[in-house]
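Just below is one structure, and these are the notes that go with it.
Just follow the structure's listing: the first ligand is 1, and inside any ligand the first atom is 1.
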Amino acid sequence: MITALDHIAIAVPDLQKAINRFMDDFGITFEGTQEVLAAKTTTAFFPIDGTSIELVHPLNGEGPLVQHLEKRGPGMHHICFRSDNLDEDVARLREKGYQFLSEEPSIGAHDARVIFIHPKSCDGVLVELNEFPEGH
Ligand code: CO
């Protein structure tokens, strides 16, 4: 079951500049950065009122986000819903015809299991589903 809007992600070409904007100009608490090897991204999280803003940036200038930034420029990248049972939600949505970007979930930020629904299944919006390990 989907239980929360976990985060909204923005693709940024200059991570430090964007971090400074959210931290200094907007005054939102900066949780820190994390490298997500499976997605080849560096992420920065700003928790606010039960959800978070996630800034995503290509890790070491590589990965699918490089192409995304070249093609579409900076901007909204995905929204992420938290699931309390990822396998069940994926199976239910596949049954309804939703297409996913991968067969299996991978490990995302905060060591959550994550999987992405193809934007063409969601009116052009890239939707991530995540599930936190027990006790998170
Ligand atoms: Co995300």
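In this structure, Q34 contributes its side chain and H110 its backbone to a donor-acceptor pair below 3.5 Å.
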Requested in this report: Would you check, one step at a time, whether the test ring pair (Phe, Tyr, Trp, His ring centres under 6.0 Å) holds for F100 with F116?
Outcome: CA-CA 6 Å; F100 288 79; F116 287 87; 9.9 Å; no
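Excluding waters, the count of protein N/O/S atoms less than 2.8 Å from the Co ion (ligand 1) comes to 4.
Between atom OG of residue S121 and atom CG of residue L126 there is a gap of 11.0 Å, rounded to the nearest 0.5 Å.
Side chains of E54 and H77: a donor-acceptor N/O pair is absent below 3.5 angstrom, by distance only.
Taking the six-membered ring where the residue is Trp, F45 and H7 present perpendicular rings, their angle passing 60° and hence far from 30°.
Under the side chain to side chain contact (heavy atoms under 4.5 Å, CB included) test applied with L129, the options V114, I117, D6 reduce to a single match, I117.
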